[in-house]
Amino acid sequence: MSKAPITVAVTGAAGQIGYSLLFRIASGALFGADQPVNLRLIERNDEKALSALNGVCMELDDCAFPLLNSITPTCELDVGFQGVNWAILVGSVPRGPGMERKDLLKINGGIFTGQGKAIEKNAAGDVRVLVVGNPCNTNCLIAMNNAKGVPADRWFAMTRLDENRAKSQLAAKAGVHHSTVSNLAIWGNHSATQYPDFFNAKIGGKAATDVISDHDWLKGEFISTVQQRGAAIIKARGLSSAASAANAACDTVHSLTRPTPEGDWTSVAVCSDGSYGIEKGLMFSFPIRTDGNKWEVVQGVPVNEFSQAKIKATETELREERDAVTELGLI
Ligand SMILES: NC(=O)C1=CN([C@@H]2O[C@H](COP(=O)(O)OP(=O)(O)OC[C@H]3O[C@@H](n4cnc5c(N)ncnc54)[C@H](O)[C@@H]3O)[C@@H](O)[C@H]2O)C=CC1
Ligand SMILES: O=C([O-])CC(=O)C(=O)O
């Protein structure tokens, strides 16, 4: 191992997503085949959760991953976030059938105040944070506002699963492979108001609206399928999506740490700087580009009347969530 290891904290490490995610991180899927990693695995201070975490650590040991430099299982936030370069915040309660993700705010919101504070106190100077636990945009807002010493451009909430789902739906409709779909922006909240922007998406380099002639499908069923995909998986599996969520977390970190392919963009929720008229400070999913270190919201993406209405609706929901957590005293 020639490179210095990257230290990654994962909360909820013994949960469903953790069980898929940790093995991908340890095998090099996020940071590359020559990049060693230290894993700091955080769970609740609960006998069952810590026993499960112990089992996961045993399995990580049993993989003998060449890139895995160390594993630190803990329920102490000060230990878990010590010196971390990346914090992936998964630990929180998933929703059940019939719930919206924002119904989890009261249950999960409080987790992110303490974690924000502990990240500010203990993490490395270059820390970047990806929030996966739902409702992820507003949980990220809570953590960020409890860690004012960590710059706002280091905080991300995951909408990549929505981007991947939308690409897969468009590809299936067009009868092509999903790898040919690009420029798929998810705007707004990781919720039923998100807007998967088919107007700017491309299939094989052509406008998706030229390749797919059924515009009623694009404006209706396509959007609602992507918005409701999480609920559909909960209904089918009895549990929320875990492997695809872990995969999307890997994709997110991978995309944020490497230059974005020319002409394309990726979707992730970031702290709004007012681009596209979105209220500053909300954690809002935009099309972004990066050089692997510094990212920027892609400017000048055409937003027509239809898109504008959808983007406003998801912004309104995020304002409401922000107001709710303000009232709860979490920010
Ligand atoms: N942003 C996205 O696209 C997606 C987000 N999710 C969300 O991810 C979260 C986790 O999902 P699963 O892994 O399936 O749930 P899970 O219930 O299988 O695992 C959650 C784990 O978090 C732990 N945990 C709870 N509170 C904690 C705390 N304060 N500190 C550390 N660990 C804590 C639990 O002990 C458990 O092991 C849920 O909120 C779910 O809704 C799930 C899929 C996609
Ligand atoms: O739907 C849920 O609650 C889990 C999730 O965020 C997703 O699958 O997109």
Side-chain angles (χ1 to χ4, degrees), residues 9-22 40-56 73-81 87-119 130-140 142-143 156-166 168 186 188-194 196 225-252 267-269 283 285:
V10 179
T11 68
Q16 289 266 332
I17 294 175
Y19 196 64
S20 287
L21 178 59
L22 301 181
R40 301 186 85 86
L41 306 181
I42 305 174
E43 258 299 338
R44 285 176 302 134
N45 189 4
D46 166 273
E47 205 178 321
K48 226 173 138 193
L50 291 173
S51 168
L53 181 58
N54 185 39
V56 173
T74 183
C75 59
E76 302 284 341
L77 295 182
D78 285 345
V79 175
F81 291 120
I88 306 180
L89 307 186
V90 180
S92 51
V93 175
R95 66 175 166 155
M99 291 172 81
E100 287 300 330
R101 297 182 186 95
K102 64 184 165 201
D103 298 336
L104 295 169
L105 263 185
K106 270 203 184 115
I107 306 169
N108 287 337
I111 294 173
F112 293 85
T113 57
Q115 292 186 355
K117 290 186 172 96
I119 287 169
L130 173 66
V131 178
V132 174
N134 279 320
C136 61
N137 298 55
T138 300
N139 286 337
C140 188
I142 295 169
F156 306 94
M158 191 169 93
T159 54
R160 180 59 173 266
L161 181 52
D162 308 299
E163 178 185 327
N164 289 348
R165 286 167 171 166
S168 169
I186 300 291
N189 202 2
H190 174 62
S191 77
T193 66
Q194 68 176 276
T225 298
V226 177
Q227 290 175 332
Q228 296 297 336
R229 188 67 162 186
I233 285 165
I234 291 170
K235 193 163 169 231
R237 232 171 69 86
L239 289 168
S240 68
S241 29
S244 56
N247 178 65
C250 296
D251 285 350
T252 307
S267 301
V268 67
M283 290 302 304
S285 182

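Scope of the values below: all heavy atoms of this structure, side chains included, with no hydrogens, waters or symmetry mates. We count ligands from 1, going down the list as the structure has it; atoms in each ligand are counted the same way.
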Checklist entry - Shortest non-hydrogen contact from I234 to G96? => result CG2-C, 4.1 Å
Next on the checklist: Tell me whether G91 has any N or O atom under 3.5 angstrom from an N or O of ligand 1.
Outcome noted: no
Checklist entry - Polar-atom distance check: S241 versus ligand 1, any N or O pair below 3.5 Å? => result no
Per-atom contacts, ligand 1 versus [X] - under 4.0 Å to a heavy atom:
X	value
C136	1 (N)
I111	26 (N), 29 (N)
A245	43 (C), 44 (C)
A14	37 (O)
G12	21 (C), 22 (O), 23 (C), 31 (C), 32 (N)

Checklist entry - Is there a donor in the side chain of N108 and an acceptor in the side chain of N139, or the other way round, less than 3.5 Å apart? => result no
Checklist entry - Are S241 and R165 linked by a side-chain donor-acceptor pair shorter than 3.5 Å? => result yes
What do we get for [X] next to ligand 1 when only non-hydrogen atoms under 4.0 Å count, side chain, backbone, both or neither?
X	answer
V93	backbone
V132	both
L161	side chain

Please check this pair: side chain of [X] against backbone of [Y], looking for a donor-acceptor N/O pair closer than 3.5 Å.
X	Y	answer
T74	I42	no
S92	V90	yes
N164	L161	no
Q228	T225	no
N137	H190	yes
E163	S267	yes
E43	A14	yes
R237	S240	yes

Please write down residue, atom name and distance for the protein heavy atom closest to [atom].
atom	result
atom 9 (C) of ligand 1	V90 O, 3.4 Å
atom 20 (C) of ligand 1	S92 O, 3.4 Å
atom 28 (C) of ligand 1	R44 CG, 3.7 Å
atom 19 (O) of ligand 1	G15 CA, 3.2 Å
atom 40 (C) of ligand 1	N134 ND2, 3.6 Å
atom 11 (O) of ligand 1	I17 CD1, 3.5 Å
atom 17 (O) of ligand 1	P94 CD, 3.4 Å

Next on the checklist: Atom CZ of residue position R95 - does it have more than 12 heavy atoms of other residues, nucleotides or ligands inside 6.0 Å?
Outcome noted: yes
From [atom1] ([X]) to [atom2] ([Y]), nearest 0.5 Å:
X	Y	atom1	atom2	value
I111	I142	CD1	CD1	9.5 Å
E47	C75	CD	SG	12.0 Å
Q227	I186	CD	CD1	9.5 Å

Checklist entry - Does A242 come within less than 4.0 Å of ligand 1, judged by its heavy atoms? => result no
Item to check | Min heavy-atom dist A248 to ligand 1 below 4.0 Å | outcome: no
Item to check | Contact residues of ligand 2 (heavy atom under 4.0 Å), by chain and number | outcome: R95, R101, N134, L161, R165, H190, G230, I234, S240, S241
Checklist entry - Could you give all pairs that pass the side-chain hydrogen bond (donor to acceptor under 3.5 Å, both in side chains) test and reach residues 110-119, with sequence neighbours left out? => result K117-N146
Checklist entry - Who's closest to atom 37 (O) of ligand 1 heavy-atom-wise, of Q16, R165, E43, R101? => result E43
Checklist outcome for this item: Ranking H190, Q115, M99 by closest non-hydrogen atom to atom 3 (O) of ligand 1, top hit is H190
